**Q** 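After the structure tokens below, expect a handful of questions from me.
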Amino acid sequence: MVQYIVRRLLWTIPVLLAIMTATFILAHAIPGGPFDFRGEKQLPESIRKNLERKYQLDKPVYVQLGKWIWDALRLDLGPSYTTRAQTVNDILKRTFPISFQLGLLALLLALCIGIPMGTIAAVKQNTVVDYGATFVAILGVSIPNMVLGPLLIWIFALKLGWFPAARWGTDYTQLHLGFFPPITSAKFWLHAILPAFTLGTAYSASIARLTRASLLQVIREDYIRTAYAKGLHSRRVIILHGLRNSLIPVATVLGPMFAAVVTGSMVVEQIFGIPGMGKYFVTSVTNRDYPLVMGATLMYSLLLVFANLLVDISYAWLDPRIRYD
Amino acid sequence: MKWSKIAVLAIVGLSLMVWPALAAKVVLNRNLGTEPPTADPALAEDTTSVEIIENMFLALVDMDEVDMHPIPELATSWDVSPDGLTWTFHMRNDVFWVKYDPKKGEVVYDLDADGKPRPVTAYDVEYGVKRTLDPNTGSNYAYVLYIIKGGEALNTADPGAPNFQELIDGVGVKALDAYTVQFTLEAPAGYFGQIASMWVARPQPKWAIDAYGDAWIEPENIVTNGPYAMKTWVHNDHMVFVKNPYIPAELWGGGNIDEVYAVMVVEASTEFAMYLNNELDTSGVPLPEMDRVKTDPVLSKELVIRPYPCTYYYGFIVTKPPMDKVAVRKALSMTIDRKTLIDQVTKGGQLPANTFAPGMIFGNAALDPRIAPWALPEELGGWGYDRAVTEAQQLMAQAGYPDGAGLEIVLMHNVSEGHARIAQAIQAMWAKAFPKAKFIIETQEWKVYLQTLVKTTPVENVPHVYRLGWCQDYPDENNWVHEVFNPTVGENKTRMSADDPEVGAAVAKFDELTRRAGRESDPEVRKQLYFEAERLLVDEIVAIAPIYYYTQVVLNKPWLQRRWHDTPHWDTWILDAAAKKKATG
């Protein structure tokens with residue numbers, strides 16, 4: 001197992017280098033550069049040259065790529081072209097913890113709703129409970145965040161007044177160790193509930209559907225019948241023998257889902273005015289802010305690679321038949 | 001005296017001392033709409049950055065909010081030499097650099113090495129202008145200072161050049177003494193007062209910039225001199241500004257706001273929800289809510305619609321057939337029903353546009369029916385749409401396209417829901433007026449789109465008609481007809497030229513007019529020259545179809561009284577804290 005993990009970790013190095021090179025090439029291949037225009041006005045040649053010199057965009061492409069990779073290895077992701085007083089490191093350091101908090105809450109919520117709902121639906125297959133759960137799941141998948149968010153704000157903030165309309169309950173100056181939110185603060189939770197629910201709903205729905213489908217297969221397996229034949233209580237059979245095994249497909253999607261959800265959602269963060277990093281995946285591209293495009297993508301790739309590694313390790317625990325030697 | 005009396009006196013005395021501390025601060029809750037990209041006057045280019053800079057840094061002059069003429073701010077007076085080349089500003093000596101001290105919890109003087117407050121001087125102005133022009137600063141906006149002698153030479157120089165220091169010293173800005181600064185210009189510019197009010201020409205604190213580099217604008221480092229000082233800047237989340245108690249009374253706008261708590265909510269519907277929830281004192285209106293706000297008994301009273309110095313227009317690529325025919329261009333411009341478009345699609349109370357520059361720009365001819373009367377409805381002295389359509393159909397037939405037969409026009413805009421709605425409405429108007437023509441809408445992503453429109457793109461790759469808007473950099477026609485459309489030195493995306501077989505003479509005239517008007521110093525003569533230039537552009541060359549002048553659509557809580565500037569001046573706003581408390585409980 002240890003050997004396997006070491007091998008996988010070593011493999012991440014070429015993977016990340018390939019991702020970095022590809023992102024660099026793709027970012028620079030988009031037509032238009034970061035300093036061609038100011039608003040709708042084409043910048044004079046002289047101004048563009050000054051800026052390109054300042055950010056070393058006048059150097060040959062391979063020099064820029066080499067510099068970027070070398071700097072990134074030393075954990076320096078470079079300047080941001082759009083917010084010049086902040087580096088990409090500053091931006092990610094300030095926004096990632098917020099996105100992570102929101103994402104993790106949403107994901108936990110999704111699991112807490114999704115797995116029980118899927119399990120019940122599978123156990124009560126083709127009953128009213130199953131249809132009801134499936135209906136809710138489909139509804140959850142189908143309602144886009146940009147509808148659900150404003151709807152929740154309208155009901156729970158404006159009409160009922162239970163929650164604030166928007167914004168996050170903490171900011172990067174108030175985090176413990178620069179990362180952990182003040183979980184004892186009521187303000188934090190009041191601000192977190194609506195966005196976490198908005199973001200989590202769609203995920204909970206897909207987890208529920210996946211759990212149901214997978215569990216339906218598992219409970220027809222011989223060893224489940226054996227467990228029943230031994231006279232085990234049905235709850236014990238389903239939860240201990242069936243569910244654990246049926247979670248393998250769920251764990252598989254959970255890896256990429258985790259990486260995607262903790263790096264922020266542009267839509268949810270924009271609707272609730274949350275200072276997370278989700279928007280940078282979009283705005284950095286439209287602004288041609290190359291270092292930020294590459295920095296955000298690198299962050300996402302790192303998380304994705306490690307989340308997938310954890311998923312692979314978890315297989316061995318979920319299904320003892322899986323061996324990595 | 002009895003002990004009880006002494007006690008009463010002591011209590012009264014104590015409470016008098018504590019009273020000012022107990023008096024609640026007047027706090028304005030405002031949404032900036034986005035994280036300001038910068039607070040550095042040399043680098044700002046967007047309205048959000050400009051808004052916070054306007055409230056933290058004073059300029060030599062301010063703009064009158066009604067007719068945009070320069071009025072005193074740091075400079076109490078100024079004189080212009082008879083040849084119009086030398087501008088000398090006489091500054092006041094009672095404005096000081098300040099900063100927020102988090103330990104004391106108040107705004108304090110920024111002290112020099114001797115422990116004395118630093119006044120804002122002419123040297124700070126000279127430094128600020130030179131820093132903006134220094135190519136190492138990399139200011140996007142440096143080119144507006146090219147009118148200053150030696151400005152362009154410095155900004156376009158290689159910082160490694162051996163004569164670089166000479167170029168810096170050669171810039172035509174000089175502090176004659178601590179409170180007199182003199183500008184020497186490349187050419188006479190009647191609009192230099194407007195340039196002197198811009199953020200790029202404001203005094204900048206050399207010692208702070210030298211000490212902290214790019215990070216000098218962070219709240220722990222920044223020193224400012226305007227009505228408000230920066231207390232907090234939590235990036236992407238919120239900023240807090242507090243009143244600068246040391247600003248001379250004459251430069252304070254008469255408002256009562258002690259503290260501005262500014263959030264950065266991007267989503268319009270969320271901003272609106274926060275306004276309804278009393279979390280904001282003022283906000284915009286999302287387009288889908290416009291009808292509801294106008295009919296709502298409460299909200300309609302809080303709604304303010306005011307003109308805003310921007311214009312929305314369609315440009316014609318005049319070298320791409322059939323747009324090379326002036327009759328075709330004119331017929332298309334005439335058949336845009338601007339009034340219906342505003343009432344049914346944009347809904348923000350905009351004004352139909354018959355010229356390029358809107359009403360508050362110096363030298364504008366907006367809504368003057370002597371120019372392109374077909375663009376205006378009857379109640380504004382124009383032809384009205386029915387007559388415009390009839391005449392347009394005749395023009396199109398004369399050009400050889402009766403009912404638009406044989407016409408295929410590509411209209412392009414950048415990807416956006418709002419632009420798409422407008423384009424579809426105009427496509428429908430054109431299709432109705434010229435039923436046999438084919439009108440195709442194409443879209444591109446913003447930066448790709450701008451790249452498509454540059455003059456060097458081959459003509460087969462550009463559309464016939466393109467969408468753009470223009471907002472002022474400074475409120476003068478020079479920034480409009482000249483910088484955007486002058487065929488030789490302006491951007492001129494329409495590609496009109498003096499060689500044009502149909503309108504070449506008019507283009508040459510337009511070229512000459514906008515250059516001459518920029519160098520002219522007599523305001524009345526300038527107005528006449530710009531009037532003629534606007535007429536040529538829209539009515540004779542018909543290089544563009546102006547569509548509407550922008551408006552600013554704002555909701556204000558009844559307890560907030562705002563004075564209107566294009567860039568908000570918070571120091572002129574009055575907030576009735578008692579009324580707010582009463583209404584919000």
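Keep in mind that this is a model prediction, so the values were computed, not measured. Labels below follow one simple rule: chain letters A, B, ... track the order of the sequence lines, proteins then strands, and each chain is numbered from 1.
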**Q** Would you say that more than 12 heavy atoms from the other residues, nucleotides or ligands in this model lie under 6.0 Å from the CZ of A:Phe197, or not?
**A** no
**Q** Could you tell me whether B:Asp134 and B:Arg131 make a salt bridge, using a distance below 4.0 angstrom between a side-chain N and a carboxylate O?
**A**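 No salt bridge links B:Asp134 with B:Arg131.
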**Q** Centres of the A:Phe188 and A:Phe180 rings: under 6.0 Å?
**A**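 That pair fails the under 6.0 Å test.
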**Q** Near B:Lys447 NZ, under 6.0 Å, is it more than 12 heavy atoms from other residues, nucleotides or ligands?
**A** yes
**Q** Chain B: which of A:Gly273, A:Ala85, A:Gly276 shares the most heavy-atom pairs with it under 4.5 Å?
**A** A:Ala85
**Q** Can you tell which of B:Leu453, B:Asn236, B:Val448 has the highest number of heavy-atom pairs within less than 4.5 Å of chain A?
**A** B:Asn236
**Q** Of the backbone (N, CA, C, O) and the side chain (C-beta and beyond), which part of B:Ala157 lies under 4.5 Å from a heavy atom of chain A, both, or neither?
**A** backbone
**Q** At a 4.5 Å cut-off on heavy atoms, which part of B:Glu271 comes close to chain A: side chain, backbone, both, or neither?
**A**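 When you check distances to chain A, no heavy atom of B:Glu271 falls under 4.5 Å.
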**Q** So for A:Lys49, is it side chain, backbone, both, or neither that comes closer than 4.5 Å to the heavy atoms of chain B?
**A** neither
**Q** Using non-hydrogen atoms and a 4.5 Å limit, figure out which bit of B:Thr137 sits close to chain A: side chain, backbone, both or neither.
**A**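 Just the backbone, heavy atoms under 4.5 Å.
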**Q** Looking at B:Asp40, B:Val263, B:Ile217, which has the largest count of heavy-atom pairs under 4.5 Å with chain A?
**A** B:Val263
**Q** Find the one option among B:Pro36, B:Pro159, B:Ser269, B:Ser139 whose heavy-atom pairs under 4.5 Å with chain A are most numerous.
**A** B:Pro159
**Q** Are side-chain N/O atoms of B:Tyr275 and B:Asn31 paired as donor and acceptor at under 3.5 Å?
**A**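 Not at all, the side chains of B:Tyr275 and B:Asn31 share no donor-acceptor pair under 3.5 Å.
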**Q** Would you say A:Leu139 has more than 12 foreign heavy atoms packed within less than 6.0 Å of its CG?
**A**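 Result for CG/A:Leu139: enclosed.
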**Q** For the interface with chain A, which of B:Val234, B:Thr156, B:Leu276 has the highest count of heavy-atom pairs at distances below 4.5 Å?
**A**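 Counting heavy-atom pairs under 4.5 Å, the top option is B:Val234.
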**Q** With only heavy atoms counted, which part of B:Asn136 is less than 4.5 Å from chain A, the side chain, the backbone, both or neither?
**A**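 Looking at B:Asn136, just its backbone touches chain A.
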**Q** Let me know if B:Glu483 has heavy atoms under 4.5 Å from chain A in its side chain, its backbone, both or neither.
**A** side chain
**Q** For the aromatic rings, using the six-membered ring if either is Trp, is the centroid distance between B:Tyr466 and B:His413 under 6.0 Å?
**A** no
**Q** Would B:His235 and B:Trp233 count as having a side-chain donor-acceptor pair, cut-off 3.5 Å?
**A** yes
**Q** Any chance CE of A:Met266 has more than 12 other-residue heavy atoms, nucleotides or ligands included, within less than 6.0 Å?
**A**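 Atom CE in A:Met266 is crowded, with more than 12 foreign heavy atoms closer than 6.0 Å.
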**Q** Against chain B, work out which of A:Asp90, A:Ile153, A:Asn50 has the most heavy-atom pairs shorter than 4.5 Å and name it.
**A**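 The answer is A:Asn50.
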**Q** Is there a donor-acceptor contact under 3.5 Å linking the side chains of A:Ser80 and A:Asp289?
**A**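 On atom types as modelled, these side chains qualify, holding a pair under 3.5 Å.
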**Q** Let me know if B:Glu279 has heavy atoms under 4.5 Å from chain A in its side chain, its backbone, both or neither.
**A** side chain
**Q** Any side-chain donor paired with an acceptor under 3.5 Å for B:Glu45 and B:Asn140?
**A** yes
**Q** Does a donor on one side chain and an acceptor on the other come within less than 3.5 Å for B:Thr488 and B:Asn486?
**A** yes
**Q** Run through B:Phe485, B:Tyr550, B:Phe356 and flag the one making a side-chain contact (heavy atoms from CB on, under 4.5 Å) with B:Trp470.
**A**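 Option passing the side-chain contact (heavy atoms from CB on, under 4.5 Å) with B:Trp470: B:Phe356.
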**Q** Which answer fits B:Thr38, side chain, backbone, both or neither, if we ask what part of it has an atom under 4.5 Å from a heavy atom of chain A?
**A** neither
**Q** What residue, out of B:Thr232, B:Val265, B:Val266, has the most heavy-atom pairs lying under 4.5 Å from chain A?
**A**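 Option with the greatest count: B:Val266.
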**Q** Assess the side chains of A:Trp168 and B:Asp237: does a donor N or O sit below 3.5 Å from an acceptor N or O?
**A** no
**Q** Can you pull out the residues in residues 24-34 of chain A with any heavy atom less than 4.5 Å from chain B?
**A**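 Residues of residues 24-34 of chain A touching chain B at under 4.5 Å: A:Pro31, A:Gly32, A:Gly33, A:Pro34.
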**Q** Using the ring centroid of each side chain, check whether A:Tyr290 and A:Tyr55 are separated by less than 6.0 Å.
**A** no
**Q** Are a donor atom and an acceptor atom from the side chains of B:Tyr146 and B:Asn155 found within less than 3.5 Å of each other?
**A** yes
**Q** Please classify the contact between A:Arg48 and chain B as side chain, backbone, both or neither, with a heavy-atom cut-off of under 4.5 Å.
**A** neither
**Q** Any luck finding a side-chain donor-acceptor pair between A:Gln86 and B:Glu35 under 3.5 Å?
**A** yes
**Q** Mind checking which of residues 92-101 of chain A sit less than 4.5 Å from chain B, heavy atom to heavy atom?
**A**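 Near chain B, by residue number: A:Arg94, A:Thr95.
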**Q** Count the heavy-atom pairs under 4.5 Å between each of A:Thr173, A:Ile271, A:Thr83, A:Thr82 and chain B, then report the option with the highest count.
**A** A:Ile271
**Q** Between B:Tyr449 and chain A, which part of the residue has a heavy atom less than 4.5 Å away: side chain, backbone, both or neither?
**A** neither
**Q** What residue in B:Ala268, B:Cys471, B:Ala273 has the most heavy-atom pairs under 4.5 Å with chain A?
**A**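 The answer is B:Ala273.
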**Q** Under 3.5 Å, is there a donor-acceptor pair linking the side chains of A:Ser204 and A:Thr201?
**A** no
**Q** Scan side-chain atoms only and decide if B:Thr494 and B:Asn492 contain a donor-acceptor pair under the 3.5 Å cut-off.
**A**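 On atom types as modelled, these side chains qualify, holding a pair under 3.5 Å.
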